[in-house]
Asks: 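Questions regarding the structure given below will be posed in turn.
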Number of protein chains: 2
Amino acid sequence: MINKPLSTLETHLGYWLRMVSNAVSHSFGRKVEAEGVTVAEWVLLRMLYDVDRSAPSLLADHMGMTRGAISKLAERLLEKGLIERAPSAEDKRAHTLALTSGGRGLVPRLAALADANDLAFFGGLTAGERQQLEHLLRKIASERSLIDMPVD
Amino acid sequence: MINKPLSTLETHLGYWLRMVSNAVSHSFGRKVEAEGVTVAEWVLLRMLYDVDRSAPSLLADHMGMTRGAISKLAERLLEKGLIERAPSAEDKRAHTLALTSGGRGLVPRLAALADANDLAFFGGLTAGERQQLEHLLRKIASERSLIDMPVD
DNA sequence: TATTGTTATACTCTATAACTATA
DNA sequence: TATAGTTATAGAGTATAACAATA
């Protein structure tokens, strides 16, 4: 009896995705390390930059993390003086997180590093290819309800 | 003076890549957990399935990990009885790792789970889109020398 | 001295679950 | 009882560095 040939690692898109994503994130992690933060911290800081003030539970939803994980992340950012925590007026159980002025000043520098990292990895693609890639990733994300945003 | 608008998280391909890749790997991790292994362990097992026997340092190179990390991974697989370690005949410093019969029997079941996971995430794309995505990821990987393989 | 591999240490990321304070 | 948040615990993943044996 002949064995059915096994699918290889390389036949799975998940394999390529993981390899490239790990390389991109790792490279970005090295860059932001110079500013004293991690990739997950950058995402949280960037979100707070837009909303000014947010409940940890909302951030957890947006980042796809548990509340416990957000607490731990927030604790580190508090220690670094990049965010501040305040009690909510209406609901005494609730807190809000916001950037400190130091945190607010840091975000543009981190954004520049993110821009540079993206360019380093995807600058070799044509504009059309980059658009294709974004379209495909958004499509998968929206199909799996990874985000609440529209594909286009 | 007007502030230059900041790039958002969503303008970075690295952001989308990380989001989708994390979801795919996490989902796969849940699946293989039922067979008692992790994603990284699956990759190592699958590699050994093809080569029969390999030095830890070679596996480290192929997987983009340090030798220390491979040692730790190998230690867990040894404890689970899925691989075996043997001294090398020529070089007494060197070891080789190989699948046990139990490990060899497990790989096809894990491969089926990998197939299913890929289908669940990328089955919504057309065949052309999947090919596009693979092409783009391979292109980035080869440009950054993440692998020693050709793009096509 | 250089190399192969292991071991020790440390830190991030993340989850689960127990807990506290409020609702 | 249910909810917001924190804290405790644990394990994966990974890196760096110290170490042992051999080359």
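Convention: sequence-line order gives letters A, B, ...; per-chain numbering from 1.
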Asks: With a 4.0 Å limit, can you tell me whether B/Ser57 has a side-chain N or O closer than that to the phosphate oxygens OP1/OP2 of C/dT3?
Replies: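 The answer is no; no side-chain N or O of B/Ser57 sits under 4.0 Å from OP1 or OP2.
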Asks: What is the distance from atom CG of B/Leu59 to atom CD1 of B/Ile83, rounded to the nearest 0.5 Å?
Replies: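 Answer for the CG-CD1 pair, B/Leu59 versus B/Ile83, is 8.5 Å.
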Asks: Nearest whole angstrom, please: distance from the C1' of D/dT16 to the NE2 of A/His26.
Replies: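 The answer, rounded to whole Å, is 12 Å.
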Asks: Among C/dC13, C/dA2, D/dG5, which nucleotide sits nearest the side chain of B/Arg93?
Replies: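 Within the option list, the nearest is C/dA2.
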Asks: Among C/dG5, D/dA15, D/dA12, which nucleotide sits nearest the side chain of B/Thr38?
Replies: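 Of the candidates, D/dA12 comes closest.
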Asks: Would you mind reading off the distance between A/Glu75 atom CD and C/dC13 atom P, rounded to a whole angstrom?
Replies: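 My rounded result for the distance is 13 Å.
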Asks: Need one value for A/Gly29: base, sugar-phosphate or nothing, where a base atom within 4.0 Å counts as base even if backbone is also close, heavy atoms only.
Replies: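 No contact.
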Asks: Remember a base hit wins even if backbone is also touched, and classify A/Ser71 as base, sugar-phosphate or nothing at under 4.0 Å, heavy atoms.
Replies: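 Contact class for A/Ser71: base.
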Asks: Examine C/dT6: is either OP1 or OP2 under 4.0 Å from a nitrogen or oxygen in the side chain of B/His95? Give yes or no.
Replies: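 B/His95 to C/dT6 OP1/OP2: side-chain N or O found under 4.0 Å.
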Asks: Would you mind telling me which residue lines up with the more 5' stretch of DNA chain D, B/Thr66 or A/Leu78, judged by nearest nucleotide?
Replies: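 Per heavy-atom nearest nucleotide, the more 5' residue is A/Leu78.
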Asks: Could you work out which one of D/dG5, C/dT14, C/dC13 sits closest to the side chain of B/Asn22?
Replies: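 Nearest to the side-chain atoms of B/Asn22, counting from C-beta on, is C/dT14.
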Asks: Mind checking the CG-CG spacing from B/Asn22 to B/Leu17? Nearest 0.5 Å is all I need.
Replies: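 Reported to 0.5 Å precision, the distance equals 9.5 Å.
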Asks: Rounded at 0.5 Å granularity, tell me how far NE2 in B/His135 sits from NZ in B/Lys139.
Replies: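 One gets 5.5 Å once the value is rounded to the nearest 0.5 Å.
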Asks: Check the distance between C/dG5's P and B/Glu90's CD and give it to me in whole angstrom.
Replies: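 Atom CD in B/Glu90 sits about 12 Å away from atom P in C/dG5.
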Asks: For the pair A/Asp50 and A/Met47, evaluate side chain to side chain contact (heavy atoms under 4.5 Å, CB included) and give the outcome as yes or no after the intermediate values.
Replies: CA-CA 6 Å; A/Asp50 283 339; A/Met47 285 181 167; over 6 Å; no
Asks: Round to the nearest Å and state the distance from B/Met19 atom CE to C/dT14 atom C1'.
Replies: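 Spelled out: CE on B/Met19 to C1' on C/dT14 is 16 Å.
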Asks: Confirm from the modelled atom types if A/Lys72 and C/dT14 form a donor-acceptor pair under 3.5 Å, side chain to base only.
Replies: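 Check passes, donor-acceptor contact within cut-off.
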Asks: Between C1' on D/dG5 and CD1 on A/Ile83, what's the gap in Å once rounded to a whole number?
Replies: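 Those two atoms, CD1 and C1', are 13 Å apart.
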Asks: Rounding to an integer number of Å, can you tell me how far A/Leu77 CG sits from C/dT12 P?
Replies: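 A/Leu77 atom CG is separated from C/dT12 atom P by 11 Å.
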Asks: Would you kindly compare A/Lys92 and B/Leu58 by the position of their nearest DNA chain C nucleotide and give the one closer to the 5′ end?
Replies: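 The residue mapped nearer the 5' terminus is B/Leu58.
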Asks: Hey, is A/Glu75 close enough to A/Arg85 for a salt bridge, meaning N to O under 4.0 Å?
Replies: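 So A/Glu75 does not pair with A/Arg85 through a salt bridge.
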Asks: Between C1' on D/dA2 and CG on A/Asp91, what's the gap in Å once rounded to a whole number?
Replies: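 About 12 Å, once rounded to whole Å.
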Asks: Write down the distance between CZ (A/Arg85) and P (D/dA4), rounded to a whole number of angstrom.
Replies: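 Answer to the nearest Å: 16 Å.
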Asks: If you go through the side-chain atoms of B/Arg67, does one of them form a donor-acceptor pair with the base of C/dG5 closer than 3.5 Å?
Replies: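 Checked by distance alone, the answer is yes.
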